[in-house]
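Here is the structure we will look at.
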Amino acid sequence: MKPRIGVFVCHCGLNIAASVEVSEVVKAIKDYPGVVHAQDYIYMCSDPGQNLVRKAIREHNLTGLVMSNCSPSLHERTFRNLAKSEGLNPYLVEVANIREYCSWPHQGDKETATKKALTIIKATIERVKRNQALTPLVVPLQKRVLVLGGGVAGMQTALDIAEGGYPVTILEKQAYLGGRVRQLDHTFVTMEKAKDLAGEMIDRTLAQPNIEVLTTAQIEGISGYVGNFEVQIRRQSDWVDPEKCNGCEACIKACPVEVPSTFDRGLVMRKAIDWTPGARPGEKRVFLDHQACVRVTRQESCTACQEVCDQGAITYPEDEQITQMYGAIVVATGHDLYRKSALTEYATDPDVLDALQFERLLSEDGPTGGKVLRPSDGKEPKEVVFVQCAGSRDPDKHFPYCSKICCMYTCKEARRYKEKVPDGQAYVFFIDVRSTGKGYEEFVKESVQKERLLYLKGKVSKIARQGDKLLVLGGDTITGHRVEIEADLVVLAMATVPSPGAKELARLLNVNTDPYGFIQEAHPKLAPVETLTAGIYLAGTSQAPKDIPHAIYQASGAASKILSLFSRKELIHEPLVAHVDTEICAGCGYCHDNCAYQAVSVDPILKKAVVNEALCEGCGACATACPSGAIQVKNLDSKQVFDMISVVTKDYALRP
């Protein structure tokens, strides 16, 4: 059957018509082989313009359309849906981009623009001639969600989805829910107790019947695609049976292993078997940390805790292996703080703390019971220096980005310090005070005025031990004077960095990270909660530094995307995917090595490439890598590409 192609040229107001002689293009293209109808209109995407196309399809029995207008990202779907409504297969419609590729680059040169537009349209006609009528792929949908991380962002995502009626699994590597918020004293700007905020969310999460919580668990493997992820999970077995344990602490006393408490940021030591860190009333139970126990770290057969337990509550079963199917995954793995040792200009000293360590000193459930005491000697500090941007906004040595939350939590910590030590003095060295949230500027001004906080605009160049004091050397750029302070305690607002293992997790999930290791969103404005891997979403500080409200916003945004996804009975996938000619394929595996989506594999028995069409995004990387041309992308195969190249290079052909 001979092709009957219709060509429609849009003026796009003056966006195209100002540079391209549209009437000349239509006149020249009417006689091109395969074209039976050509027409122009001022706005082809408008209702009158679309009606012209509909009429032409019916009257001329068109078998293909070339829409010559703006970028296909804007209106390809529009015109394909139009064709479908008229009974024409939508994949027999292609867009010739004569605005971004032609009119805009050649403004003021009508002759060149018109000639180039005609060439682009002819090349697109050649492509349409070989296009196949395709049918979208139907993919089954598992309506269950996996949330990686049990902090406030992870819990909010889980709650929103669960309340929508879908089952959710929260995977948390720690023994408790709540994440970083659970380590905090109070929150800005409401000065609410952080453990109360986290506790309310934890209670709602544990009470929600659609939420399954797996603590001390990590993802070990993943395969599949959006709607059908098969995930392998390893969960640390609970070596202490809470039903049998009576909390006598005999096991804790008998344990020979002491390690720094990660929950209290190394300010105190804890046993390998100890009370669950940060536990609230009703949660307190004995927990054996596999990462500290010598049975795991040294492969020793220590049974000291088991021997003294007269309740028989302690056993050593193997870790639990779980395999489950999920339709979507949310990465809410949180953040960490940049290590203090990286700031070599500042002394490594027990009285030089990071902000989270100071939060633990302020907290009632912290190592000092909420009293602000120096770690070195247990004395109450009367002069405390807070240093902002410690590792942030420093492109030469550390990180160029702003950690976003430091200005506000530093102000809050200085305020809390003054509430606990009224006769103390708090100094804050800053570059800028970035108080950009609702009520944030007012909070800073109120704190400065009420608590007499002394803000010094400048950077600290050195911190060194001087007797029982810490000598802090800095500058005040407003007065131009050098500043020396003999401090009792220094608190560093360290740069916010990705949580440990974030890059390895990103590789496992096949998602991108930014240059600093945060999980990369698909688009910073148009798709801020999605990744480039369909079905995998972001929430909280796994994506970038942010405060609690913004983490909650993003969590609910990710949940709404998933609820929208689950509103369908099944998923529809574009059929513009790679396919393999098994007669030619030699099973070399080059296609597999070059596929960013892990959509191509080599059958170990047949020794032929196999495409998982549900994973394939039609990028063509496999086709360019295949030495035999056995793998091609539907509706953009090598014959179509060469036909298009022939048209484009016709006037540049080498002469003998």
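No side-chain heavy atom of Ile233 sits under 4.5 Å from any side-chain heavy atom of Gln218. Side-chain contact between Ser376 and Pro350 is present, with at least one heavy-atom pair separated by less than 4.5 Å. Thr215 places a side-chain heavy atom less than 4.5 Å from the side chain of Arg235. A heavy-atom distance below 4.5 Å is found between the side chains of Phe566 and Lys143. Side-chain contact between Leu288 and Val286: absent, with no pair of heavy atoms (C-beta onward) separated by less than 4.5 Å. Looking at heavy atoms from C-beta onward, His75 lies in side-chain contact with Cys70 at the 4.5 angstrom threshold. Counting heavy atoms from C-beta outward, Ile329 and Tyr537 have side chains that stay 4.5 Å or more apart. Taking the side chain as every heavy atom from C-beta outward, Phe430 and Val387 never approach each other to under 4.5 Å.
Between Glu504 and Arg507 a salt bridge is recorded (basic side-chain N to carboxylate O distance below 4.0 Å). The residues Lys462 and Glu345 are annotated as not salt-bridged, no charged nitrogen and carboxylate oxygen being separated by less than 4.0 angstrom. Residues Arg416 and Glu419 are paired through a salt bridge, judged by an N-O separation under 4.0 Å between the basic side chain and the carboxylate. Residues Arg204 and Glu163 are paired through a salt bridge, judged by an N-O separation under 4.0 Å between the basic side chain and the carboxylate. By the 4.0 Å N-to-carboxylate-O rule, Asp394 lies too far from Lys397 to be salt-bridged with it. Between Asp488 and Lys469 there is a salt bridge, since a side-chain N of the basic residue sits under 4.0 Å from a carboxylate O of the acidic one.
Between the side chains of Tyr326 and Thr169, at least one donor N or O sits under 3.5 Å from an acceptor N or O. Side chains of Ser73 and Ser71: a donor on one and an acceptor on the other come within 3.5 Å. At a cut-off of 3.5 Å, with distance as the only test, a side-chain donor of Arg415 or Ser447 sits close to an acceptor on the other residue. For the residue pair Gln357 and Lys340, a side-chain donor N or O sits within less than 3.5 Å of a side-chain acceptor on the partner. There is a side-chain donor-acceptor pair under 3.5 Å between Gln554 and Lys546. Looking only at atom types and distance, the side chain of Tyr427 has a donor-acceptor partner in the side chain of Glu383 under 3.5 Å away. A donor-acceptor contact closer than 3.5 angstrom links the side chains of Tyr440 and Asp547.
For an aromatic pair to be called close, the ring centres must be under 6.0 Å apart, and Phe188 with Tyr409 fails this. Side-chain rings of Phe358 and Phe386 approach one another, their centers coming within less than 6.0 Å. Ring centroid separation for the pair Phe399 and Tyr401 comes in under the 6.0 Å cut-off.
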Handout entry: Test salt bridge (Lys or Arg N to Asp or Glu O under 4.0 Å) applied to Arg465 and Asp351, step by step
Key = CA-CA 9 Å; Arg465 171 62 68 176; Asp351 294 332; 3.0 Å; yes

Handout entry: salt bridge (Lys or Arg N to Asp or Glu O under 4.0 Å) between Lys271 and Asp289, worked out
Key = CA-CA 9 Å; Lys271 294 292 188 74; Asp289 184 358; over 6 Å; no

Practice task
Check the pair Asp354, Val491 against side chain to side chain contact (heavy atoms under 4.5 Å, CB included), reporting the backbone distance first and the verdict last.
Solution key: CA-CA 5 Å; Asp354 65 35; Val491 182; over 6 Å; no

Exercise for the section: Just do the side chain to side chain contact (heavy atoms under 4.5 Å, CB included) check on Asp514 and Ile519 with the steps written out, would you? Expected result: CA-CA 6 Å; Asp514 67 15; Ile519 308 296; over 6 Å; no

Problem - Chi angles and distances behind the side chain to side chain contact (heavy atoms under 4.5 Å, CB included) call for Asp349, Leu470 - result: CA-CA 9 Å; Asp349 191 280; Leu470 289 166; 3.8 Å; yes

Exercise for the section: Evaluate side chain to side chain contact (heavy atoms under 4.5 Å, CB included) for Leu214 paired with Glu212, printing each intermediate quantity in order. Expected result: CA-CA 7 Å; Leu214 299 178; Glu212 174 190 29; 3.9 Å; yes

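Distance alone, capped at 3.5 Å, places no donor-acceptor pair between the Asp336 side chain and the Ser499 backbone. Looking at Thr333, its side chain never comes within 3.5 Å of a backbone N or O of Gly149 through a donor-acceptor pair. For the pair Arg360 (side chain) and Thr368 (backbone), a donor-acceptor distance under 3.5 Å is absent. With hydrogens and angles disregarded, a donor-acceptor distance shorter than 3.5 Å links the side chain of Thr276 to the backbone of Arg285. With hydrogens and angles disregarded, no donor-acceptor distance shorter than 3.5 Å links the side chain of Lys173 to the backbone of Thr216. No donor-acceptor pair closer than 3.5 Å links the side chain of Glu451 to the backbone N or O of Leu453. Between the Ser567 side chain and the Ser564 main chain, a donor and an acceptor come within less than 3.5 Å of each other. A donor-acceptor pair under 3.5 Å links the side-chain atoms of Lys420 to the main chain of Gly370, judged by distance alone. A distance-only check finds no donor-acceptor pair linking the side chain of Glu446 to the backbone of Phe443 [under 3.5 Å]. Between the side chain of Lys457 and the backbone N or O of Ile478 there is no donor-acceptor pair closer than 3.5 Å.
Checked against Ser435 for a side chain to side chain donor-acceptor pair (under 3.5 Å), the options Glu442, Lys445, Glu441 give a single hit: Glu441. When each of Val213, Ile211, Leu171, Val330 is tested with Val147 by the rule side-chain contact (heavy atoms from CB on, under 4.5 Å), just one qualifies, namely Val330. Remark: of the listed residues Arg265, His186, Lys412, Lys412 is the sole one forming a side chain to side chain donor-acceptor pair (under 3.5 Å) with Glu359. Only one option out of Val231, Ile170, Leu509 pairs with Leu148 in a side-chain contact (heavy atoms from CB on, under 4.5 Å); it is Leu509.
A pairwise comparison of heavy atoms in Leu505 and Ile219 identifies CD1-CG2, 3.5 Å as the closest pair. Here the shortest heavy-atom pairing between Pro545 and Cys402 reads CG-O, 4.4 Å.
Lys195 contributes atom NZ, which lies 14.0 Å from atom CD of Gln183 (distance to the nearest 0.5 angstrom). Atom CG of Leu565 sits about 11.5 Å away from atom OG of Ser560, to the nearest 0.5 Å. Taking CG of Leu184 as the reference point, atom CD of Glu192 lies at 11.5 Å (rounded to 0.5 Å). For the atom pair Met155 CE and Leu159 CG, the distance stands at 7.5 Å (nearest 0.5 Å). Annotation: the span from Thr205 atom OG1 to Glu200 atom CD amounts to 8.5 Å, rounded to 0.5 Å. Here the straight-line distance linking atom OH of Tyr597 with atom CG of Leu532 works out to 6.5 Å at 0.5 Å rounding.
For Lys561, the NZ atom is loosely surrounded, since the number of other residues' heavy atoms within 6.0 Å does not exceed 12. Shown here is Lys371, whose NZ atom has no more than 12 heavy atoms of other residues, nucleotides or ligands within 6.0 Å. For Glu364, the CD atom sits in a loose shell: 12 or fewer heavy atoms of surrounding residues, nucleotides or ligands are nearer than 6.0 Å.
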